[in-house]
*Asks:* 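Attaching a single structure in structure tokens format; questions to follow.
We name chains A, B, ... by the order of the sequence lines, and we start the count at 1 in each one.
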Amino acid sequence: MGISEEFIMTTISPGFKRPITLYRNNQNMKKQRLAGGSSSGDGSLNYTHLQDERRKLPIYTTRHRLLKALQPMSSAIVIGETGSGKTTQLPQYLYESGQHKKLMIACTQPRRVAAITVAQRVAEEMGDQLGHTVGYCVRFEDCTGKDTKIKYMTDGMLLREAIHDPLLKRYSTVILDECHERTIHTDVLFGVVKKAQAERKERGMILLKIIVMSATMDVDHFSNYFNKAPVLYIEGRQYTVKIMYTSEPQSDYVFSALAAVFQVHEESPPNEDILVFLTGQEEIESAVKSIKDIAKDLSQDSPPLIVCPMYAALPSNLQLRIFQHTPKGSRKVIVATNIAETSITIHGIKHVIDTGKVKAKVFNPFSGLDLLKVVNTSKAQAWQRSGRAGREAPGTCYRLYTESEYDQMRDNTLPEIQRCNLSSVILQLLALGIEDVLNFDFMDKPSKESLENAVNQLELLGAVIKDIKPKLTPEGRKMADFPLEPRLAKVILAAKDHSCLEEILTIVSALSVDSVYHTPASKKDDAVAVRNKFMASEGDHLTLLNIYRAYKGVNCNKQWCHDNFLNGRNLRTAVDVKKQLKEICTRQQLPVESCGQDTTAIRKCLCAGFFMNAAELQKEGQYVTVSSRKPVSIHPSSSIFQCKPAYVIYNELIQTSKCYMRDLSVVDADWLYDVAPSYFRRKLSKK
DNA sequence: GAGCACTGC
């Protein structure tokens with residue numbers, strides 16, 4: 001093994017070691033050192049103060065040893081807990097020491113906000129204007145310049161860049177941060193940077209240094225993949241979090257969470273805020289209501305409770321409430337989804353209540369259907385959650401499950417790449433010039449079925465030709481240029497033949513952002529009634545077109561969105577997406593034309609990308625899918641729910657009480673045959 | 001006649 005004692009700065013103990021056991025309140029209580037400390041500061045701090053701050057970070061004491069160790073290494077794994085300063089400091093150290101060799105240092109993040117805020121902080125620390133030496137690059141925003149040497153970016157962005165430059169020639173170092181999260185992008189990047197490194201070496205070019213940063217302890221896996229790369233450990237700045245387990249398994253985790261909230265509320269001094277992890281919007285809204293109702297009946301002596309819901313679909317103005325300072329003498333309770341696990345950090349949290357549950361997309365390989373289901377978290381997730389109680393001071397985490405239930409949890413969440421449709425990934429790898437995609441060097445290889453599925457879908461779309469190895473077609477190359485799933489990219493390319501790219505770009509943009517609808521549970525009927533005016537008889541795609549046009553017609557007015565139960569944030573994103581897609585179309589010399597009122601042209605284009613998602617009305621009034629004759633129904637939220645057209649196409653199937661088609665358009669059988677004659681001949685002969 | 005976690009290009 002390449003791990004040398006000399007390189008191990010400090011060993012830390014994340015949650016996989018046996019902790020000390022104490023007892024109180026009949027509950028098993030445990031003591032554990034956890035991630036803590038905060039590295040983000042406010043923007044007004046001056047340069048000298050910031051330099052002091054930098055020197056106080058745990059990573060600072062190891063600076064020289066770290067640089068000396070990294071100098072000769074082509075690849076390294078850096079393990080550091082939250083608060084160690086690795087994300088802000090390591091790129092600076094490499095730059096200051098000249099190890100960047102005049103090329104850029106890339107540091108990738110799974111999330112946009114992280115890339116932006118870290119870059120801002122580092123620019124400040126260096127006393128430099130953002131976009132000069134230090135910059136960031138995320139979708140819709142490139143804040144880098146000709147002098148940029150340290151570039152923070154989303155992992156997806158580096159992957160996009162790699163399509164046009166597979167050897168990553170502008171970079172001397174690529175730091176892949178937060179690798180323990182195992183996003184589909186970092187997992188693909190692992191293989192891409194490894195290949196670039198080998199090829200640059202072979203061609204005698206400047207070597208590519210790869211640094212993989214992670215909070216995980218599963219270091220051997222990472223190290224082995226990168227040719228037994230050495231592992232460096234950096235100490236974190238952490239506070240003790242007491243872990244409590246329940247003595248008995250809980251049958252109703254929402255009820256237990258409410259009980260826990262009020263137990264903590266009674267036992268703890270005010271100003272110690274509580275963070276509760278639940279699974280979804282509805283559950284959270286109802287829990288928030290219950291907490292408020294119960295709080296009304298509490299005695300006058302107990303501190304006032306401020307209860308805030310938090311989930312991604314919550315409008316931004318309501319999201320901001322969780323960051324407001326808690327008035328002295330009261331207590332804030334935040335009820336959140338796993339958005340509070342990594343994406344946002346809330347100050348003042350002293351108590352975490354962890355139900356041990358999360359809503360996750362579960363892929364059923366037998367039906368080929370996605371299903372959103374409440375499942376148990378992994379151990380890693382549980383530790384991530386408890387860490388949220390120890391960011392600024394020692395805290396407590398109440399786990400609403402027993403210790404033996406904890407022991408039965410899987411260690412890590414399954415990497416995204418093993419539970420997703422891979423058609424985008426395969427298309428990207430082919431565009432990167434990877435010849436043998438089915439045998440690509442993944443750190444954790446997806447199943448053979450899942451890879452073959454993806455290739456088959458791409459073949460249907462005309463993006464690849466199946467030979468001994470799948471080969472990219474010129475059309476596939478064009479599709480890869482779009483930041484869209486292949487089916488939607490295909491719809492755009494098809495628009496050329498129907499002179500309706502303007503409308504198609506709008507619909508595709510609206511489809512590729514989160515829901516443009518906002519439906520508060522209490523005003524469901526109002527929302528449906530008000531939005532009725534946008535409904536198109538041809539289906540949901542044209543309804544989206546109507547909404548987008550109306551939104552632009554009022555100059556993207558926020559109040560109008562609110563009045564019409566639409567999500568302004570997501571509509572705004574759709575406008576940005578459309579602009580970006582339009583630029584790519586212009587580069588590809590696709591004429592952006594409008595078809596006016598001709599919705600037939602639009603629906604024909606949609607068929608080109610979604611013909612494999614067609615359903616046919618049966619005599620009994622039931623729909624079946626054309627691909628597998630599976631019984632399906634129109635989702636009640638669809639604008640054609642009341643109608644019974646002979647043929648429809650849909651964007652996705654979702655299994656709940658029934659198997660529902662979502663986002664539909666009414667189509668003509670002839671259009672389907674025209675767009676994929678051989679596919680439908682095959683399907684016909686099966687009948 | 002129903003209900004949708006979270007990211008990202």
Side-chain angles (χ1 to χ4, degrees), chain A residues 108-115 137-142 153-164 178 181-189 277-286 310-314 336-344 355 357-362 370-375 377 381 384 413 415-417 419-420 424-425 427-428 431 479-486 488-489 508-509 512-515 517-521 524-525 527-528 567 570 573 576-577 580-581 584 633-638 640-642 652 654-663:
Chain A
T108 69
Q109 299 293 319
R111 280 169 294 280
R112 292 165 54 89
V113 268
C137 190
V138 298
R139 190 181 190 182
F140 310 129
E141 252 185 286
D142 182 359
M153 61 206 300
T154 43
D155 44 20
M157 207 66 209
L158 186 59
L159 207 51
R160 281 263 135 216
E161 273 190 23
I163 292 181
H164 296 104
E178 312 286 2
E181 290 191 25
R182 302 295 304 273
T183 71
I184 197 157
H185 291 147
T186 35
D187 266 33
V188 176
L189 273 176
F277 284 101
L278 287 177
T279 66
Q281 175 174 346
E282 255 188 38
E283 195 177 88
I284 286 171
E285 292 296 354
S286 100
M310 181 68 200
Y311 46 87
L314 193 71
T337 59
N338 47 340
I339 192 172
E341 229 167 74
T342 47
S343 305
I344 53 156
T355 53
K357 303 287 177 190
V358 66
K359 205 176 270 187
K361 220 167 202 170
V362 178
D370 277 340
L371 184 60
L372 216 50
K373 202 177 148 192
V374 173
V375 296
T377 59
Q381 259 178 309
Q384 181 68 34
T413 314
E416 203 182 354
I417 199 147
R419 42 185 175 96
C420 279
S424 296
V425 168
L427 185 64
Q428 269 180 335
M479 285 164 65
D481 258 354
F482 290 95
L484 296 168
E485 54 160 315
L488 289 175
V508 167
S509 304
S512 67
V513 299
D514 287 336
S515 174
Y517 302 109
H518 172 61
T519 315
K524 207 169 62 179
D525 297 342
V528 172
N567 186 317
N570 294 340
T573 311
D576 290 338
V577 172
Q580 187 190 25
L581 297 179
I584 299 167
S633 308
I634 298 178
H635 196 276
S637 68
S638 171
I640 54 164
F641 175 64
Q642 310 281 1
E652 60 173 355
I654 188 125
Q655 173 85 56
T656 49
S657 55
K658 274 190 195 173
C659 191
Y660 286 107
M661 300 179 277
R662 298 210 354 216
D663 291 325

*Asks:* Considering every strand and a 4.0 Å limit on heavy-atom distances, what is the contact class for A:Arg139: base, sugar-phosphate, or nothing?
*Replies:* base
*Asks:* Excluding sequence neighbours, so at least two apart, what forms side chain to side chain contact (heavy atoms under 4.5 Å, CB included) with A:Asp576?
*Replies:* A:Phe140, A:Arg572
*Asks:* Restricting to non-hydrogen atoms, name the atom on A:Leu581 and the atom on A:Ser509 that form the minimum distance, rounded to 0.1 Å.
*Replies:* CD1-OG, 3.7 Å
*Asks:* Using heavy atoms to find the nearest nucleotide of DNA chain B for A:Phe140 and A:Gly280 separately, return the residue whose nucleotide is more 5′.
*Replies:* A:Gly280
*Asks:* Identify whether any heavy atom of A:Thr342 sits under 4.0 Å from a base atom; if not, whether one sits that close to sugar-phosphate; answer base, sugar-phosphate or nothing.
*Replies:* nothing
*Asks:* What residues form a side chain to side chain contact (heavy atoms under 4.5 Å, CB included) with A:Met157, not counting sequence neighbours?
*Replies:* A:Cys137, A:Met153, A:Thr154
*Asks:* Regarding A:Arg112, tell me which of base, sugar-phosphate or nothing describes its non-hydrogen contacts under 4.0 Å with the strands shown.
*Replies:* sugar-phosphate
*Asks:* Check side chain to side chain donor-acceptor pair (under 3.5 Å) between A:Thr279 and all other residues, then give those that pass, not counting sequence neighbours.
*Replies:* A:Glu283
*Asks:* What is the nucleic acid contact for A:Phe482, judged by heavy atoms within less than 4.0 Å: base, sugar-phosphate only, or nothing?
*Replies:* nothing
*Asks:* Where does the chain A footprint on DNA chain B start and end, counting 5' to 3' with a 4.0 Å heavy-atom cut-off?
*Replies:* B:dG1 to B:dC9
*Asks:* Under the rule for side chain to side chain contact (heavy atoms under 4.5 Å, CB included), what residues qualify as partners of A:Arg160, not counting sequence neighbours?
*Replies:* A:Ile163, A:Gln428, A:Pro483
*Asks:* Heavy atoms under 4.0 Å, any strand shown: does A:Gln281 hit a base, just sugar-phosphate, or nothing?
*Replies:* sugar-phosphate
*Asks:* Just call it for A:Thr183: base, sugar-phosphate, or nothing, with non-hydrogen atoms closer than 4.0 Å on any strand.
*Replies:* nothing
*Asks:* Using heavy-atom distances to pick each residue's nearest nucleotide on DNA chain B, tell me which of A:Tyr311 and A:Gln580 is more 5'.
*Replies:* A:Tyr311
*Asks:* What's A:Leu372 touching, base or sugar-phosphate or nothing? Going by heavy atoms closer than 4.0 Å.
*Replies:* base
*Asks:* Only counting residues at least two apart or in another chain, list the ones meeting ring pair (Phe, Tyr, Trp, His ring centres under 6.0 Å) with A:His635.
*Replies:* A:Tyr660
